[in-house]
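See structure below.
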Amino acid sequence: MIDFIEIDSKWQREWESAKIFEPSPDSRESYMVTAPFPYVNGPPHIGHLRTYGTADVLARYKRMKGFNVLFPMGWHVTGTPILASSKRIKAKDPDIINDMKAFGIEDSDIEKMTDPIFLASYFIDEFRKSFKAIGLSVDWRRQLISINPQFSRFIEWQFSVLNSNGLLTQGRHQIGWCPNENNAVGMHDTKHDVEPEIEKVIGIKFKVDGEEYSAACATYRPETIYGVTNIFVKEGATYVICEIEGNRYCMSKKAAEKLAYQFSVKVIKEISSSELLGKKYINPVTGEAVSAFPGFFVDDSFGTGMVISVPAHAPFDYAALAELVKRGNSVAATIKPVKVLDIDSKGAGPDIPVMSYLDTESLSGAIDSAAIEEAGIKQYREELHKGIMVTGEYKGLRIKEAREKIWTDMTGKGNAFELYIIANNAVCRCGWAIVVKTVDGQWFLNYGNEKWKAKAREALKGAVVLPKKGRSAFERAIEWIDLRAVARSQGLGTKLPMDNTKIIESLSDSTIYMSLYTIWNIISGVESEKLNKEFFDFVFLGKGDAESAAKSTGISYEIVKRCREAFDYWYGFTSRHSGMDLVFNHLTMYLFNHAIIFDKKYWPKQIAVNGSVLCEGEKMSKSLGNTVPIKSAIGRHGADVIRFVVVCSADLYADSEYSDSAANGVRERLEYINTLADNLKLYSPAELTHIDYWLYSKLNRKIISITNAIEELELRTASTAALYDSTIELKRYLLRGGSNQLVLTDYLSSLALLLSPITPHFSEDLWHMLGNSTFAAAEKWPSGNEAMLAGKIEMEEKLIDDVIEDSKHVLELVAKKGKQPKEIKYIVASEWKYILNNELAKDKNVSRVMDMIKSGELENTYDFKFDIQRCMGFVSSMAKKVNAIRNVETNPADELDIINDAKSYISKETGCKVVAEGEDSSASPKAAGSMPLKPGIEVS
RNA sequence: GCAGGGGUGGCAGAGUUUGGCCAAAUGCGACGGGCUUAGGACCCGUUUCCUUUGUGGAUGCGAGAGUUCAAAUCUCUCUCCCUGCACCA
């Protein structure tokens with residue numbers, strides 16, 4: 001049994017004291033691997049490991065390939081989540097406190113986490129411990145934290161460069177807002193961690209007959225204006241007359257209060273819902289006057305609290321009218337639904353489309369709001385996608401188009417105004433409903449800038465994307481990304497240079513920070529005030545020279561010069577690793593920012609995108625309570641098994657799956673290899689034999705395929721070949737009588753190195769067990785020797801396997817008849833069959849070979865006496881399975897030798913004595929059926 | 001809707017770029033057998049259907065059509081599933 005925990009810590013100590021992961025620029029080619037610095041507001045779990053593990057495998061592999069590899073790590077602290085967590089702990093929120101306790105954090109430490117900086121540093125510590133324990137080959141001298149003053153100077157510089165390129169613009173912006181706490185609300189501040197969904201709707205003005213105000217009716221679907229039969233208000237709710245931007249409206253009091261965060265709202269007076277019910281409302285498009293009714297479903301705190309009723313297209317409206325009729329409302333009884341659009345392109349759909357979605361029978365009973373809502377969603381979707389207008393000015397147009405036109409028509413003519421709502425009714429942790437607040441003067445990064453986009457496209461072109469199929473997502477993302485709001489009123493981070501009251505948002509301050517790693521170990525002692533524009537301009541842009549930069553900053557010439565050299569050296573080749581969920585924001589912004597700030601030679605060279613980690617078949621999430629902390633996973637299985645399972649058990653783009661059974665499977669195989677290495681003394685060196693060459697051939701083939709796979713980060717392919725195929729090969733080698741100590745040592749040594757990027761601790765241990773004193777982690781990657789590939793020998797071994805398999809099949813059939821055979825006779829086919837077989841193997845063209853036989857070309861070519869009749873019969877019998885013919889030249893003499901050589905093995909496997917002979921000299925009834933690579937089998 | 005990914009045997013999951021040793025790797029499960037006092041571990045076999053003193057045949061990789069001597073693999077149409085659509089990290 002391997003003590004995985006023991007070897008983990010042993011080799012981690014040795015590597016650390018040998019400083020093999022702390023590189024400096026030298027004469028080798030550089031290779032820099034980075035992954036997003038983790039956000040440290042909670043414990044590290046195995047989900048984090050996918051990206052970092054993949055990056056580490058690549059880093060370790062490239063190191064062995066002879067590159068000078070830098071794999072740095074930092075910590076992301078910027079933004080609101082850490083503040084939010086602290087706040088929740090302060091408020092004694094049991095959910096978060098229980099989570100912390102479950103992770104094993106002492107009460108006293110939880111207490112201290114009310115200080116966000118303590119919380120961050122606590123988890124930084126945890127992450128570092130876990131990352132070290134899993135064996136990441138990180139240069140720990142370069143840990144930057146996104147709120148270090150030096151980091152902030154760098155971000156300020158970045159924004160000044162962006163600003164000087166005209167990429168920062170100002171404008172209006174909508175945010176989620178808690179009226180109670182008076183602050184912006186993001187996902188981390190809501191109940192159940194939902195993102196407040198801000199949506200734009202249109203408020204249509206229905207002039208109230210005889211009054212100087214209009215009803216403001218909010219809707220997503222202005223195109224249904226042609227089908228409005230009435231208006232709904234909430235019975236019993238308080239409404240108000242108010243003034244917004246010079247217009248007077250009636251709307252619910254609650255709505256007016258919410259809209260005050262978007263507009264300047266002046267309330268004139270309150271008005272009861274019953275007063276509104278008595279009035280007439282003029283449709284701004286059709287000019288028709290309609291009545292108002294009480295609607296059971298109306299929520300006076302949503303939108304404007306006044307709803308247009310389109311019974312033909314909205315199940316709720318239809319149901320509400322039906323309900324009114326049931327209660328004896330005679331005016332409602334006169335209302336006929338008006339069809340506005342049809343999902344049938346010929347207009348042949350039903351006259352009252354809502355009937356296709358709503359179970360009208362159920363309307364006679366109790367109201368089932370959930371069912372009506374579901375019908376509404378379905379109808380809305382279908383009509384949006386397939387609908388064609390059948391009435392009004394835009395008759396014949398598709399709905400999406402018609403909606404856009406009607407929207408701009410109405411807002412343009414002053415018949416409507418735009419407003420924002422929280423579509424998902426998100427609620428702040430304090431319990432208040434979130435509202436939409438309009439902020440003027442928000443700063444945006446303008447990713448819509450065409451020149452910038454062009455540069456980003458160029459940058460993408462110059463980068464390798466892994467997996468290859470991931471590229472199209474980037475192409476889309478570059479076109480799609482537009483304005484991004486960058487200023488926040490709260491959170492940790494760097495202040496926006498243009499507005500010192502604002503913090504730079506946390507994805508925007510992490511787009512080019514990887515470049516800072518290259519010099520972090522040099523500047524971490526430098527006072528942050530000295531890191532001015534001249535310094536960064538020189539180090540990262542090469543502007544000016546070291547002397548003047550040193551003079552203007554007060555930093556020593558040596559340091560300035562070293563920084564520039566370090567950046568220039570390391571940033572020549574960078575490989576960025578991240579999860580696929582970051583393609584549409586972080587990774588795309590990463591490309592954009594590199595493209596505009598740095599010289600082309602420092603642009604990203606490779607971007608690798610990976611999937612996530614499933615746990616026992618389920619997506620990991622806090623709410624499911626199935627997140628597995630890295631430290632407990634390691635405690636169970638050791639670092640290498642976890643690395644293997646989490647990082648290598650799926651293709652790069654697919655989700656990998658962590659499960660105990662998978663982990664056990666990996667461990668068993670590692671144990672097998674280890675035991676074999678332990679038992680090497682039982683074998684002794686000898687001359688190379690057939691089966692030794694077979695193993696060498698397999699090994700070299702494996703080296704080549706693993707190397708190719710890792711280059712493409714196809715780690716599943718690589719790891720399967722390295723571990724699973726290897727154990728199968730080793731078992732077979734021993735079974736076939738292989739026992740050469742030198743060969744086994746060679747094989748295991750190569751295997752140790754091949755596995756080293758994936759299972760570094762195990763490999764290091766194996767490497768030393770085999771008598772080596774160097775570090776496997778720093779060894780040269782094995783190179784596949786083409787000369788050792790022996791296709792023929794592999795084919796021969798395959799032949800033996802096939803022969804054994806077929807023999808067992810026959811023996812079984814015979815056994816069913818109650819016979820117990822003692823001997824198997826193999827009859828190797830005649831030479832002419834081999835000639836035809838090889839001829840067919842060339843191009844698998846049956847008719848060509850037939851022609852050869854008939855025309856006599858065959859005899860001319862091969863100088864052999866053929867029996868035309870039998871040849872034709874043989875070829876036509878082969879016609880059906882021509883696909884299965886192997887493209888390997890064989891002959892009967894060799895095949896006979898192979899079988900004779902393997903007699904003892906076959907005999908052991910089948911339990912029978914083995915005899916072999918040629919077809920020509922055989923009297924066996926099975927002789928005629930013999931074929932190349934499929935000898936006749938007779939048991940007796 | 002837009003964009004991205006996918007549909008393979010009881011399950012998980014390769015194979016698709018470059019069509020042909022593909023009835024389809026590997027793992028798990030199930031069943032039968034061996035070994036054991038027993039269980040575990042381990043070993044052998046079976047695991048689409050039919051056929052069988054043999055290595056044969058049929059069907060088959062979401063559905064349908066096409067290209068080809070040959071299709072899981074290429075083309076087209078359809079269908080279903082998953083993910084993202086932001087200012088949250």
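Just so we're on the same page: letters track the sequence lines, and every chain starts at 1.
- Rounded to a whole Å, the CD1 atom of Ile504(A) is 16 Å from the C1' atom of A89(B).
- Nucleotides C2(B) and C74(B), compared at atom C1', are 28 Å apart to the nearest Å.
- If you check C42(B), G27(B), A14(B) against the side chain of Glu668(A), the one that comes closest is C42(B).
- Between C76(B) and G6(B), the distance separating the two P atoms is 16 Å to the nearest Å.
- Nearer the 5' end of RNA chain B, as judged by each residue's closest nucleotide, is the contact made by Glu938(A), out of Ala487(A) and Glu938(A).
- Between the OH atom of Tyr672(A) and the P atom of A41(B) there is a distance of 19 Å, rounded to whole Å.
- Distances shorter than 4.0 Å separate none of the side-chain N or O atoms of Ser649(A) from OP1 or OP2 on G13(B).
- Regarding Ile478(A), its CD1 atom lies at a distance of 14 Å from the P atom of G4(B), rounded to whole Å.
- Within 4.0 Å of Arg669(A), counting heavy atoms only, lie sugar-phosphate atoms of the nucleic acid but no base atom.
- Counting any heavy atom pair closer than 4.0 Å across all strands shown, His586(A) reaches no nucleic acid atom.
- Salt bridge present: Lys468(A) and Glu712(A) bring a charged side-chain N and a carboxylate O closer than 4.0 Å.
- Nucleotide C44(B) holds its C1' atom 13 Å from the OH atom of Tyr905(A), rounded to whole Å.
- Note: CE (Met580(A)) to P (G6(B)) measures 9 Å, nearest angstrom.
- Ring to ring, Tyr52(A) and His577(A) are not that close: their centroids are 6.0 angstrom or more apart.
- With distances taken from any side-chain atom of Lys731(A) to the nucleotides C43(B), C2(B), U26(B), the minimum falls on C43(B).
- Using the Watson-Crick or G-U wobble rule with both distances under 3.5 Å, U17(B) pairs with nothing in any strand shown.
- Contact annotation for Glu712(A): no contact, since no heavy-atom pair falls under 4.0 Å across all strands.
- When the P atom is compared between G62(B) and U8(B), the two are found 6 Å apart, to the nearest whole Å.
- Both distances falling under 3.5 Å, in either a Watson-Crick or a G-U wobble arrangement, place A30(B) opposite U46(B).
- Using atom C1' as the reference point in both A72(B) and G9(B), the two lie 12 Å apart (nearest Å).
- Atom name P, nucleotides A23(B) and U55(B): the rounded distance is 15 Å, in whole Å.
- Rounded to whole angstrom, the span from the CG atom of Leu723(A) across to the P atom of A14(B) amounts to 18 Å.
- Using cut-offs of 30° and 60° for the angle between ring planes, the Phe151(A) and Tyr513(A) rings count as tilted.
- A salt bridge does not link Glu223(A) with Lys405(A): every distance from a Lys NZ or Arg NE/NH1/NH2 to an Asp or Glu carboxylate oxygen is 4.0 Å or more.
- If you find the closest nucleotide of RNA chain B to Ile481(A) and to Thr720(A), the one lying nearer the 5' end belongs to Thr720(A).
- Shown here, U68(B) forms no base pair; nothing in the strands shown gives a Watson-Crick or G-U wobble contact with both key distances under 3.5 Å.
- Among the nucleotides A89(B), U26(B), C85(B), the one closest to the side chain of Ile728(A) is U26(B).
- When the nucleotides G54(B), C88(B), C2(B) are ranked by their closest atom to the side chain of Ile937(A), G54(B) comes out on top.
- The side chain of Ser472(A) sits closest to G4(B) out of A25(B), G4(B), G27(B).
- Closest to the side chain of Leu582(A), from the set A86(B), A89(B), U26(B), is A89(B).
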For a side-chain hydrogen bond (donor to acceptor under 3.5 Å, both in side chains) check, start with the C-alpha distance between Thr494(A) and Asp509(A), then their side-chain angles and the critical distance, and finish with the verdict. CA-CA 8 Å; Thr494(A) 303; Asp509(A) 76 359; 5.1 Å; no
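- With both ends at atom C1', the span from A24(B) to C78(B) equals 26 Å, rounded to whole Å.
- Nucleotide G4(B) is matched to C82(B) when pairs are restricted to Watson-Crick or G-U wobble geometry with both distances under 3.5 angstrom.
- Nucleic acid contact class of Ile175(A) (heavy atoms, under 4.0 Å, all strands): none.
- Side-chain proximity of Ala473(A) to the nucleotides A86(B), G27(B), G4(B) is greatest for G4(B).
- With distances taken from any side-chain atom of Trp480(A) to the nucleotides C85(B), C42(B), A89(B), the minimum falls on C85(B).
- Rounded to whole Å, the distance from CG on Leu652(A) to C1' on A14(B) is 16 Å.
- Using a 4.0 Å heavy-atom cutoff across all strands shown, Arg484(A) reaches at least one base atom of the nucleic acid.
- For the pair Arg716(A) CZ and U26(B) P, the interatomic distance rounds to 13 Å; values are reported in whole Å.
- Aromatic ring centroids of Phe123(A) and Trp75(A) lie 6.0 Å or more apart.
- On the C1' atoms, A25(B) is 16 Å away from U73(B), given to the nearest whole Å.
- Side-chain contact check for Ser726(A) and Lys702(A): at least one donor-acceptor pair (N or O, by modelled atom type) lies under 3.5 Å.
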Show, in sequence, the C-alpha distance, side-chain angles and deciding distance for Tyr447(A) and Asn593(A), and conclude whether the side-chain hydrogen bond (donor to acceptor under 3.5 Å, both in side chains) test is met. CA-CA 10 Å; Tyr447(A) 290 107; Asn593(A) 281 271; 3.1 Å; yes
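- Comparing the P positions of U48(B) and G54(B) gives a spacing of 22 Å, expressed to the nearest Å.
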